[in-house]
Each structure stands twice: as structure tokens, then as C-alpha cells.
Amino acid sequence: MSQYNIAWLPGDGVGVEVMEAARICLDALKFDAQYTHGDIGWEFWCTEGESFPQRTIDLLKNSHAAMFGAITSKPVKDAEAELVPALKGKGLIYRSPIVRMRQMFDLYTCLRPCKAYPGNPLNYKEGIDMVIFRENTEDLYSGVEFSPVPDELKATLKALSKPFGHFADLPGDQFAITCKVNTMKGCDRIIRAAFEYAKTFGYPKVTVIHKANVVRATEGMFLETGKRIAKEYPGIEMDDANVDAITMWMLKNPKNYGVMVATNLFGDIVSDLAAQMVGGLGFGCSGNIGEKLAVFEPSHGSAPKYAGQYKVNPIATILAAKMMLDWLGETHKGSRLEKAVAAVIADGQVRTYDMGGQATTLEMGEAIARKL
């Protein structure tokens, strides 16, 4: 019997291809795992009206960890239009399966390390080493939305919020509301995770990213939580920055930043910027981590226009596999895999199209596997 049960969730588009490359590397490491395929993504939305079927939820409940490729997401009306005829008009509403997964399994930490590996022609600057902690279950991704806005909600907001008076007379079908929901528990545990990571891996500073000067209630809570937790870590400096300003400072002085932590939407934005600074989304790995389960993925999407061409860079997914190994306690294998990735990047003999070469997705995976 294998030591680990790994849920294998390729998803849509190029997710299938990059996962194949990651599997080549895991097999080369002789990682002792049973991989079980899970259905997830656009195909199952279109044919079943459910992008995250119960059978896949059950699979995750019985897995040590999961590898996830990518999924296609579309706006509500477009999603409705692509349902099979028998499902149209049934009131089905598409929702991202990865967002549901994060909430269902309380995968509250989105961990996104962004490192400039020497020799990568796409590095913005050498020596960049940023680690973004993104809260993963709350904020504007909480799924609490209204379109059209019900009359009872309009009446309640008019009674409770003076600023809402600007919108109170609009018909409900002329505007939409998305709720930004942040909790003290959610703020505390993601910021604490960032400080613990900095303590464990020797980073001298944690940067709390926010917009407390304008979004005072939720972002103010986040900032104040950061200040409180920082007092418990006297050896680690805390600074903070508005989300708009940090995008400027990251570009100007990237080596000034190591561990950063943000609420869900802002963390999503900042981590994509950081990924671009170390080569683009082909290098951006991500872990969705809870207490009992973790799901690892590249941070890029399904890129439908490239599907089936085997031309996208699989390094993000391979580095996500490295993160999975580390989380499972297989740190020696994880270190070997990262060193192999770094070696292939440094020698420059095998490069995918985004790096200026012509290697296929699988050829990159095979090159990394040969270094193991």
C-alpha cells in the first residue's frame, strides 16, 4: 500500500498538460503515492451543472493532499449559456470550484513563494525572494453577492448606512452588491502564519498589506490585528503598506521585501505581480493550506487558447509539487526537486516558449526529472 493518497485534479485546458509534467518529476523522485483522479472543472459544469462534484469532495476527504491543475471560470450569463439544454433555466449558478474547496475544507492559507532562480531570462531582477501569505476563505471572495439587489436589503442598508443613501433610490436591477467579509479569526490566523513562517525560515520582516485608509472597517481590522500579533514576535520587524503603494515599492525595491501578508483579493493581486517579477505565471506556485488538507496548484489559469499544444511552462506546477512534498514532511525530496528545477533554469539548455525556447511542456518535465 502506498504511503500517501494524493487526489489528482487536472481540471481544464493546460492544467491537464502541466500536471503530466509534474507527475514525471514525482515518479522520478520515487514518491510513494497512490494518485486518484478527481473530476473538477468546466466540463462537469456544462454536463452536470456542478463544477465540483460530490464524488470529488468525497475523494478529498480521504486524501493526504491534492495536486490541482487549473480551471476555467466565466461570468454567470456565459456559464448559463454553456450548460447542456436539459440544465438550462434550472437556476444553476456557476461558482469557482477552487473557491468552494478553500471554504469547504478551511484551506485558509494561500502560500505563494516567488523566487528569482539564477539564469532565468525572465527575472525582473536577480535575488528576489518574496513569500506572499494570502487569506484564502473570506473577503471579497466570500461569495456573498446580490444581483439584482433585493428590496429588503436596500431598505436595511438605507436604515443602517448613511453612505448607502447615494444608491438607495436605484432599482434593484440597476446595481449589484458584493460583500467584503473579514473576521477577526481569519485575520489573526493568516497574519500569525506569516510571522511563524518568517521566524522558521529566518526572514527579518513581515509586511502587512492593506487599504485601511479607505476601507476602514475590514482593512482596519486586518492592520490592527497585524500590529497586535507583531508584539508577540519581538525579533521580527513589522511594516505595513497600502496595496496600491506596495505595487510601486515592490518594483522599485524588490529586495526590501520578504514575507508579505494580505487579505484575499489584495493578496491575489500582489502575488501575481510578484510572480511576474520572477518569470511570470509559469513560475508561480501556490499552496492552499488548512489544518488537515492542503491543495497545491500553479497560480495561472487554464489558458484555453493553448490547450492541447503542450507549449506552456510547467515549472509552476512542478514547484507546487515541491510545496506538497514539503507539507507532507518529505522535505528531502522537496529540496531535490527544487534544486533540479534551479539546475535546468541555470544551464539554459531547455526552455519553453515563454523563456525564449521551443521545449514542450513534457520536455521541460523530463529535463527536470533527469536532474533528480
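- Between the side chains of Q54 and D58, a donor-acceptor pair is found at a separation under 3.5 Å.
- Counting all heavy atoms, side chain and backbone alike, C285 lies closest to M323 at SG-SD, 3.6 Å.
- With Q309 contributing its side chain and A307 its backbone, the two residues share no donor-acceptor pair below 3.5 Å.
- Panel note: side chain E363, backbone T360; a donor-acceptor pair is recorded below 3.5 Å.
- T361 places a side-chain N or O within 3.5 Å of a backbone atom of V312 that can act as its donor or acceptor partner.
- More than 12 heavy atoms of other residues, nucleotides or ligands shown are found within 6.0 angstrom of NE2 on H37.
- Inter-residue side-chain proximity for T109 and N288 is flagged as unmet; no heavy-atom pair is nearer than 4.5 Å.
- Residues T352 and P314 share a closest heavy-atom pair of CG2-CD, 4.2 Å.
- Between L281 atom CG and D354 atom CG the span is 10.0 Å, to the nearest 0.5 Å.
- The local environment of CD in Q358 is sparse, with at most 12 non-hydrogen atoms from other residues, nucleotides or ligands closer than 6.0 Å.
- Side chain of S161 to main chain of K158: no donor-acceptor pair is present (N/O by atom type, distance under 3.5 Å, no hydrogens or angles).
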Between K115 and E126, is a salt bridge (charged side-chain N to carboxylate O under 4.0 Å, His left out) present by the stated rule, with each step listed?
CA-CA 9 Å; K115 184 184 296 185; E126 299 298 328; over 6 Å; no
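- A distance of 4.5 Å separates OG1 of T263 from CG of D139, quoted to the nearest 0.5 Å.
- Hydrophobic side-chain contacts under 4.5 Å tie M221 into a cluster, directly or through other members, with M184.
- Side-chain contact between I289 and L107: absent, with no pair of heavy atoms (C-beta onward) separated by less than 4.5 Å.
- Taking a cutoff of 4.0 Å between a charged side-chain nitrogen and a carboxylate oxygen, K74 and E82 qualify as a salt bridge.
- Residue L362 is found in a hydrophobic cluster whose other members, listed by chain and number, are I24, Y310; membership requires side-chain heavy atoms under 4.5 Å apart, directly or through intermediates.
- Side chain to side chain, D268 and Y141 meet the donor-acceptor criterion of an N or O pair below 3.5 Å.
- Other residues, nucleotides and ligands place no more than 12 heavy atoms under 6.0 Å from the NZ atom of K185.
- Annotation: side chain of D27 is not in contact with side chain of L29 (no heavy-atom distance under 4.5 Å).
- Heavy-atom minimum distance, F222 versus I191: O-CD1, 3.4 Å.
- Between E224 and K227 a salt bridge is recorded (basic side-chain N to carboxylate O distance below 4.0 Å).
- Residues satisfying the ring pair (Phe, Tyr, Trp, His ring centres under 6.0 Å) test with F133, not counting sequence neighbours, are Y197.
- Taking a cutoff of 4.0 Å between a charged side-chain nitrogen and a carboxylate oxygen, K371 and E338 do not qualify as a salt bridge.
- Formation of a donor-acceptor pair under 3.5 Å by the N313 side chain with backbone atoms of I315 is found in this model.
- Two different hydrophobic clusters hold F201 and I132 under the rule that ILVMFWY side chains link at heavy-atom gaps under 4.5 Å.
- In this structure a side-chain-to-backbone donor-acceptor pair under 3.5 Å is missing from N182 to E138.
- Under a hydrophobic clustering in which Ile, Leu, Val, Met, Phe, Trp and Tyr are joined whenever their side-chain heavy atoms come within less than 4.5 Å, directly or via other members, L325 and V18 fall into different clusters.
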Taking only distance into account, with no hydrogens and no angle test, what donor-acceptor pairs under 3.5 Å do side-chain atoms of residues 144-156 form with protein atoms, sequence neighbours excluded?
from, atom 1, to, atom 2, distance (Å)
E145, OE2, T178, OG1, 2.7
K154, NZ, L170, O, 2.6
T156, OG1, E152, O, 2.9

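- N5 and S63 form no side-chain donor-acceptor contact under 3.5 Å, judged by distance and modelled atom types alone.
- Residues M104 and F52 are in side-chain contact: their nearest non-hydrogen atoms beyond the backbone lie under 4.5 Å apart.
- Annotation: side chain of I318 is in contact with side chain of V341 (closest heavy-atom distance under 4.5 Å).
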Please evaluate residues R100 and E50 with respect to the criterion salt bridge (charged side-chain N to carboxylate O under 4.0 Å, His left out), reporting the C-alpha separation (whole Å), side-chain torsions for both, the decisive distance (0.1 Å), and the verdict.
CA-CA 12 Å; R100 289 178 57 203; E50 179 55 82; 2.5 Å; yes
With salt bridge (charged side-chain N to carboxylate O under 4.0 Å, His left out) as the criterion, how do E17 and K311 come out once you've worked through the C-alpha distance, each side chain's angles and the decisive distance to 0.1 Å?
CA-CA 9 Å; E17 300 160 30; K311 64 185 296 185; over 6 Å; no
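- Sorted by first and then second residue, the ring pair (Phe, Tyr, Trp, His ring centres under 6.0 Å) pairs with a member in residues 239-291 form an empty list; sequence neighbours excluded.
- Y124 pairs by the ring pair (Phe, Tyr, Trp, His ring centres under 6.0 Å) definition with nothing, not counting sequence neighbours.
- A salt bridge is absent between D326 and K333; no separation between the charged side-chain nitrogens and carboxylate oxygens falls under 4.0 Å.
- The backbone N or O of Q3 lies less than 3.5 Å from a partner atom in the side chain of D32, making a donor-acceptor pair.
- Environment of NZ in K205: crowded, with over 12 heavy atoms of neighbouring residues, nucleotides or ligands closer than 6.0 Å.
- Among all heavy-atom pairs drawn from A212 and L223, the shortest one is CB-CD2, 4.0 Å.
- Salt-bridge formation is detected for the pair R189/D106: a Lys NZ or Arg NE/NH1/NH2 atom is positioned less than 4.0 Å from an Asp or Glu carboxylate oxygen.
- In this structure, the side chains of T317 and H300 come closer than 4.5 Å at one or more pairs of heavy atoms.
- Taking the side chain as every heavy atom from C-beta outward, L83 and L92 approach each other to under 4.5 Å.
- Using a 4.0 Å cut-off between charged side-chain N and carboxylate O, E232 and K199 make no salt bridge.
- The shortest heavy-atom contact between I229 and F195 is CG2-CD1, 4.0 Å.
- In this pair, F175 and F164 present their aromatic rings tilted. The plane angle is within the 30 to 60° band.
- A donor-acceptor distance shorter than 3.5 angstrom exists from the side chain of E135 to the backbone of T137, with no hydrogens or angles considered.
- Between Y4 and H64, the gap from one ring centroid to the other is short of 6.0 Å.
- Ring geometry for Y35 versus W8: interplanar angle over 60°, hence perpendicular rather than tilted (30 to 60°).
- With hydrogens and angles ignored, the 3.5 Å screen pairs a side-chain donor or acceptor of S271 with a backbone N or O of G267.
- In this structure, CD in E330 is found 11.0 Å from CZ in R336, a value given to the nearest 0.5 Å.
- Here L9 contributes atom CG and T36 contributes atom OG1; the two are 10.0 Å apart, rounded to the nearest 0.5 Å.
- Summarising the geometry, atom CG belonging to D188 is positioned 6.5 Å from atom OG1 belonging to T225; distances are rounded to the nearest 0.5 Å.
- In this structure the side chain of I177 never reaches within 4.5 angstrom of the side chain of F167, judged on heavy atoms.
- Judged purely by atom type and a 3.5 angstrom limit, N123 has no side-chain atom pairing as donor or acceptor with the backbone of K125.
- Scanning both residues, A198 and V206, for their nearest heavy atoms gives CB-CG2, 3.8 Å.
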